[in-house]
Each structure stands twice: as C-alpha cells, then as structure tokens.
Number of protein chains: 4
Amino acid sequence: MADVASRTGRPRRADVEAAVLDATAALVGDRAYAQVTIDAIAARAVVAKTTIYRRWSSKAELAVDALARTLGDPPVDDRDGATAVRAAVGWLAGRVREPDVRHLLVGLVDEAGRDPELRARLRARIRDPFTQALCERWEVEASVVDLVVDVVLGAVLHRIAMSGDIGDGDVESVVDLAVHALFRGPTVSVEP
Amino acid sequence: MADVASRTGRPRRADVEAAVLDATAALVGDRAYAQVTIDAIAARAVVAKTTIYRRWSSKAELAVDALARTLGDPPVDDRDGATAVRAAVGWLAGRVREPDVRHLLVGLVDEAGRDPELRARLRARIRDPFTQALCERWEVEASVVDLVVDVVLGAVLHRIAMSGDIGDGDVESVVDLAVHALFRGPTVSVEP
Amino acid sequence: MADVASRTGRPRRADVEAAVLDATAALVGDRAYAQVTIDAIAARAVVAKTTIYRRWSSKAELAVDALARTLGDPPVDDRDGATAVRAAVGWLAGRVREPDVRHLLVGLVDEAGRDPELRARLRARIRDPFTQALCERWEVEASVVDLVVDVVLGAVLHRIAMSGDIGDGDVESVVDLAVHALFRGPTVSVEP
Amino acid sequence: MADVASRTGRPRRADVEAAVLDATAALVGDRAYAQVTIDAIAARAVVAKTTIYRRWSSKAELAVDALARTLGDPPVDDRDGATAVRAAVGWLAGRVREPDVRHLLVGLVDEAGRDPELRARLRARIRDPFTQALCERWEVEASVVDLVVDVVLGAVLHRIAMSGDIGDGDVESVVDLAVHALFRGPTVSVEP
DNA sequence: TTCTAATCGAGACGGTACGTCAGGTCTTGTT
DNA sequence: AACAAGACCTGACGTACCGTCTCGATTAGAA
C-alpha cells in the first residue's frame, strides 16, 4: 500500500483498514484461511468487496497485513540477555499456537511457495520486525535469529498440522532447542 | 482403498494407481499443489477422473499416497548408531527440499489443519514409517523421533517458504540441532 | 448448439433446455431483459449457472433461443392469399406487443448492433422461419417479406418504446402499410 | 437541468455541456452505447465525472441530449408540400443510419422500455421537435406524423440491427411507404 | 455361451468462490 | 457554489475447480 496518500480526491476512509484486518483475523480464528471468503470479510467489516481489492491486490497480501496486526510485538523485557531472548522466542511460539495466527501463517506458507513477492512481503512484515527487535536489545546475529524463528515457527506449525495440537512440553523443547543453538552456535555436531 | 478385490465384475486395471501417482508427482514438481487440478492429473495419467475418485475419495488422499510414493524409504545404513541416525534424518531433510515433495507436503499441511482424518492419514503414511524404520534399528523412543521429524520437516519447509530456498549449511544446522536433541534428550534446560 | 449429441459421456439432461428457456421467458415477461440475471434464470429453472453457460456462450444466445421458443409459429391459414398473408403479418405484430417477446427482442436488437454473429443468429432463428413459412404457401418474394417484417417489428417496437404502448388502430395501420407494399410493390412513390 | 443559474457561488463552466455531449457522440460513433462508460466520456471531455452527474441525473438523460445535439434539425426546404415533407422524412432516415445516432437511439430504446420518464424525455427532445417542424410548415396532423416517424425510425433501426446495414433502395422504400400513408391517411383498408 | 457385475472413458452437473467492471453517490481540497 | 480527483457501494458478470452423476462400452468369472 502507498505510504503517502494522494493529495487530491476523496481520501480513503481511515477506519477501513483496521476493520478489514480485524474481520479477517476474527473469521480466521474459527475456520482455516482457505475457507474464509473475501465476501465474508467484506460483510463482517461492513465494507464493499471492491474497497478491499482497492487496497490489497490479493487475498494473500491482505492475510500478511492481518497476520502482522494480529501477531503484534513481543512484550518488553528488562531481564538478562539469555533469559529475555528465551522469553521472546517462547512468546512467539505461544502466539503461533493461537488459531488465528496459525491459520493465517499456514495459509500463507502454502501460497508463498508459488509467489516470490509474497515471500518477500512475509519476511519484511513478519519475521524481520521480530528479528530486529531482538537484535536491537541483545548481541545476537540477525541471520542466526532468522533461522531460530524459522525453526520454532516451522516446528510448531508442522507439529500441530500433523497431530492437531502440540503439548506445552513439546513447545518448551522446541524453544530450548532453538535458543540453545542461538547461544552455543548451531554447529554443535554430535560427532567429536 | 479396498484391500481385497471383489471376486466378480471387471477387475481394476493394475497400472492405474502408479500412473496417477506418478502424474501427480510430476505435475506437482512444476507448480504448487493447489494449482494442480484433478483434471490435469487425469489427462496426464491418461485416465478418467472417475477412475481416480474410485480409488481416492479426495484430492488430499491422493496427495498423501503420491507423497508417500515419491518420498520413498531412507537408504539402508550399516554404520554405528548415532552416525546412521544422523544420516537418516539428513536424508529426510534433503528429500523435503525437492519441489515435488515440498509442494505436496505444504499443500497437505494446509488442508490437514481443518481435517483430522487427513492428519491421521498423514501421520500413518508419512511420519510413522520413517519413525518405525529408525526405532527398529536403533534404540530411540518413538515420541522423540516424531518430534525430531516435525522439527526438521517444519523448519526446512518454513525456511523455504520464507526465503525461497535453504542453504546446505542451514540444513546441516537444523539436522544437527534435531539430532542433538534426540540423543541428549530435548529437556536441556526448561528452567533458567 | 450442436445438433448431434456426442456419443460418449453423460448425456445432457433433456429437460434443461426447455426449463431454462421457459424460465427466461417468464422472467422477461415481468422486467426488461437487461434486468434479468443469469443467476435468476438458473434459480428459476432449478439449474446451475454453469449448466447454462455450457449450452449458451452468452446471455444473448440464450435470449435468441428463448425468443424463438416463445414466439412460436404463425397459425395455419387456409384462406385466400392476400387475406392470409395479412393475417400472418398481423399475428406477428400482435405477438411483438406481448411483454416477453418485446423485451427479448428489444434487448437483442441493442446487442445485435455490436455483434455480427448475433445478427446472423437472430435472422436465422427469428425472421427467416417466418419469411419461409409465408413464401412456401403464397407467391411472394423473400426479400420483400423480410423488409415487411422489419418494418412491422421495428415500427411496433419503436412505437411502444416511445409511447409506452401502441393502440390497436395504429397496429392495424402499420400492418396495412406493410402489406400494401408487399402486394403493390414498395416503390409506389408519391411523385408521379 | 436548472433553467436559472443561482446567483451565488462559482458559476458553471459554460463549455462543459458541449464538450461532454460531443465526447459522448464521438465515443458512441465507434462502439455501442452500452460499451461507452461515463468515465470514458469524462476522460474524453476532460471533465470530472461529478461534473457530468451535476448536469444529467443518469447516463440515459445525457444520451438523450447528446442524441438531440447530434441529430440536429432538418434542413429548411422551400419546395412544394409533398416534396418537402418527403425530403424531411428522408433526411431523418438518413441520419438514423449514421453510427452515432443509431447507437444512441438503440441504446435508449432499450432503456426506455423500463422507464416512463425516459420515454417522455425522448419524445419531447427527439420526436416532437421534428413533428412540430413539419406541422408548422405544412398541413399535416401531428399524430399522423408521429406514427410516420416511428415507422421510419423503427424500420431502419430494426433493419440494421438484423442485417448490419440497410441499402439505399430499402431506405427509399420505407420512406415512400411512410409518406404514402401520411398523405393518403394510414387507414387504407382496415377491412378486407 | 450367455449372464452378471464391476470397471473404465467421457463428459454433464451442482455448488462455491473468485476477481472484475460499470453506474451512481459521496467526500475531500481547490478555484 | 462549481470543480477535479478519486474513494466508495451495489450488483452482475463469466470463469475455475471440486466432487458427483450418468451414460455406453468393456472385461473378467459364474451359470
């Protein structure tokens, strides 16, 4: 979406964006993203379908923004480095277990496979902000954090997709695994 | 599918199954799972659509079988325990990077989120055989292997979905991470 | 539409065509053709929209068939030449005054202006059969009959479009005018 | 349209009306009335869509005015009564053969069927002026002229709609037919 | 050999969502 | 006020795919 509004013409309704994104998140909390129709989103947001297509060129773009909004930012944490990082990663893992975040992310991962632009958008809006937030506060390398994020998100999503759910213990395990790699470095091979 | 062929009536063509599964894998190698239509599969396999639906009740079920067939079995390995296990997990990670396996799996993960039966089928045909193969030959607990598989598959898939590709080094990292957990136990440090 | 049904595959439902054409005529009796939606026709005929589009490539083609069916054939007439011809033309004029025939014809005339194929279809299905029926029974030239038909239909339609209705006397006048030309020849100029 | 300009506020641009009507006529010369969008007219007239809707309440009203402007008035003719009347009717027939006049009229006829106000407007702006011009100069009854006009316009339009074009001879025939009725009276022979 | 029952090919069918388009209304800032 | 620009709502469009169905034509084993 354009960052600068054009100077002329009727300005865009300011509340439309939030209404549509919230409607999307709400509907996606009940059923999977593929089951949520643009018409249903429009109806719930009390907005015309054409208004949605004027702002987002596809369902996927809309989903990225809805995900970014629903996901939110990790809570601030003043504790010691390792502890705080672990908390942040754990928060992310917890968010992905929620139905709305999960449904959006899974649906997008499916479509991202066939759309490079969507991938870039997904990185820019979802992963990068989280990674940056961590890097700004503690001394960690961005590329390593990216991998940690992918491991955590991927593992949790895949586990739920395969088993319908994931236990608290398994989430802990995955987070531990990833954070351990983050600090010790990921190349701790089993062989001597 | 029926295990026993009925005694009367025209017998089913024996070569149909392989032709359809191969056609599915071939088409899914080029485009994403959602882009591959049943009609296209039927046309490529030179088979009627009805013939497909007589054997598989839905596109998803067909995809599971196609995935199982395309994925194949891990190569036999006579080496020492830890080394062989790592090789097996590494082989799995390598297979998931291939477009056909990846597209099928991602598409199925999407649908599995809203279909418990599909989840069960997916576990039974894809994850369990692999887990069993490992458990039979080496002393590892099934539930731990399951988690390792989910971590590896999920991480690799998610990485590719986010970045379009995954480097050899990152694959190594993920496999190391997972195998390390497999032997040390995943509960490295739940408490701070 | 294809005259010969293909030998293979599920045969087309025989009653669909009549149901759709009747539904079209019925709906077009109430409102103008442009106001009648394909969805409404499908709903009234208890048929899927796709089924309609399988048989008719556009709303206009459907309308031509609906018009041909609704219009019907001129009643048989054993009387003397001139009298019978006048009766036939009068019958045509009377039919065009009916809302369903009128709405269909006006809507088609509008679209025919931008579609040569539709024009040909319109001639073949509507005007030619009527002209032929007259030529077969009495000694009249086809091209002259065509012109007479165009004069009668055009005049009645235009009159109704301009005034909302046309009186019985005016219909008589138009028919007389046209039939007079038919027998005396149209080139009876006012000048000597 | 308002007859008196209000005293306060910015005065209306005087050249807008002509620009819009000309743009309409020009666009309608190429494609059919239904294919010409208000946005296209606005763009061609270098005028905002709101400016158009401030003057005309609908596309149809605009089209009526555009038609009246494009059609123009019959040329003055000082010859003897019958000859001049025939020339005037012939001029009208000739004008209707032009693409712009024809497209506008056909499109309006379609819409007039469902809109009584449009019918009245069409009569007042198109048919009545022509009829009056004839009545003022020669001794003919208005209602008869109206019928003649409807016959000529209807016949020519319908002929073109059915055949794509109309030959000069056929136009002559139609005009002769109509004018003949005008002078002899239309009730040549209602009874057999 | 004839009968029987299931398979196969071909394609019609119902249903659901898609993304687009045009008419007409409304809301800004500018003249 | 009028105007330019463009957002907005409404309603219909024609398309695509899924999964079901109905035919005629096969193709075996059973009677």
Side-chain angles (χ1 to χ4, degrees), chain A residues 5-14 16 34-40 42 46-59, chain B residues 2 5-14 16 34-40 42-43 46-60, chain C residues 5-14 16 34-40 42 46-59, chain D residues 2 5-14 16 34-43 46-60 62:
Chain A
S6 66
R7 202 63 45 198
T8 75
R10 174 175 174 176
R12 293 191 169 178
R13 264 180 60 191
V16 163
Q35 319 275 41
V36 175
T37 70
I38 296 282
D39 282 296
V46 197
V47 144
K49 191 163 58 158
T50 38
T51 297
I52 294 182
Y53 277 106
R54 190 173 304 109
R55 289 161 201 253
W56 295 278
S57 67
S58 71
K59 206 174 160 182
Chain B
S6 51
R7 294 288 159 205
T8 73
R10 173 175 174 177
R12 290 188 174 179
R13 265 179 59 190
V16 163
Q35 319 273 40
V36 175
T37 71
I38 295 283
D39 283 291
V46 197
V47 142
K49 195 162 60 156
T50 4
T51 300
I52 294 181
Y53 276 104
R54 193 172 300 111
R55 288 155 209 259
W56 295 277
S57 67
S58 71
K59 192 182 170 186
Chain C
S6 68
R7 202 65 42 200
T8 74
R10 174 176 175 175
R12 292 190 170 179
R13 266 180 59 190
V16 163
Q35 319 275 42
V36 175
T37 70
I38 295 282
D39 281 296
V46 196
V47 143
K49 190 163 59 158
T50 41
T51 297
I52 294 182
Y53 277 107
R54 192 174 302 110
R55 289 161 201 252
W56 295 278
S57 67
S58 70
K59 208 172 158 183
Chain D
S6 48
R7 296 287 159 207
T8 74
R10 172 174 174 176
R12 289 191 174 179
R13 265 179 59 191
V16 163
Q35 320 273 40
V36 175
T37 70
I38 295 283
D39 283 293
I41 294 172
V46 197
V47 141
K49 194 159 62 155
T50 10
T51 299
I52 294 181
Y53 276 104
R54 193 173 300 110
R55 287 155 208 256
W56 295 277
S57 68
S58 70
K59 193 183 169 185
L62 166 58

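Small disclaimer: the values here were computed from a predicted structure and weren't measured. Per chain, numbering begins at 1; letters A, B, ... match sequence-line order.
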Check the interface with nucleotides 14-16 of chain F: list each N/O to N/O pair with the protein under 3.5 Å, or write none.
residue, atom, partner, partner atom, Å
dG14(F), OP2, Tyr53(C), OH, 2.1
dG14(F), O5', Tyr53(C), OH, 3.2
dG14(F), N7, Lys49(C), NZ, 3.1
dG14(F), O6, Lys49(C), NZ, 3.3

Do any N or O atoms of the protein come closer than 3.5 Å to N or O atoms of nucleotides 26-31 of chain F, and which pairs are they?
residue, atom, partner, partner atom, Å
dT26(F), O2, Arg10(B), NH1, 3.0

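Nearer to the 5' terminus of DNA chain F, by closest-nucleotide assignment, is the contact made by Arg13(A) (compared with the other of Ala60(B) and Arg13(A)). Nearest-nucleotide assignment on DNA chain F puts the 5′-proximal partner with Thr51(A), out of Val36(C) and Thr51(A). Nearest-nucleotide assignment on DNA chain E puts the 5′-proximal partner with Val46(C), out of Ala34(A) and Val46(C).
Shortest non-hydrogen contact noted between Arg54(B) and Arg12(B) is CG-NH2, 3.5 Å. When all heavy atoms of Ala42(D) and Ala48(D) are compared, the pair lying nearest together is CB-C, 4.3 Å. Taking each heavy atom of Val47(B) and Arg13(B) in turn, the nearest pair found is CG2-NH1, 4.4 Å. When all heavy atoms of Ile38(C) and Ile52(C) are compared, the closest pair comes out as O-CD1, 4.2 Å. Annotation for Asp39(D) and Lys49(D): closest pair OD1-CD, 3.6 Å, computed over non-hydrogen atoms.
Rounded to an integer number of Å, the gap from Ile52(B) CD1 to dT20(F) P is 13 Å. Rounded to an integer number of Å, the gap from Trp56(D) CH2 to dT25(E) P is 15 Å. Nucleotide dG23(E) holds its P atom 11 Å from the CD atom of Gln35(D), rounded to whole Å.
If one axis is set at each end of the helix from dT1(E)-dA31(F) to dT31(E)-dA1(F) from five pairs, those axes are 10° apart, to 10°.
Between the OH atom in Tyr53(A) and the NZ atom in Lys59(A) there is a gap of 8.0 Å [rounded to 0.5 Å].
Taking 4.0 angstrom as the limit, Arg55(B) places none of its side-chain polar atoms (N or O) nearer than this to OP1 or OP2 of dT7(E).
Heavy atoms of Arg54(A) sit under 4.0 angstrom from at least one base atom.
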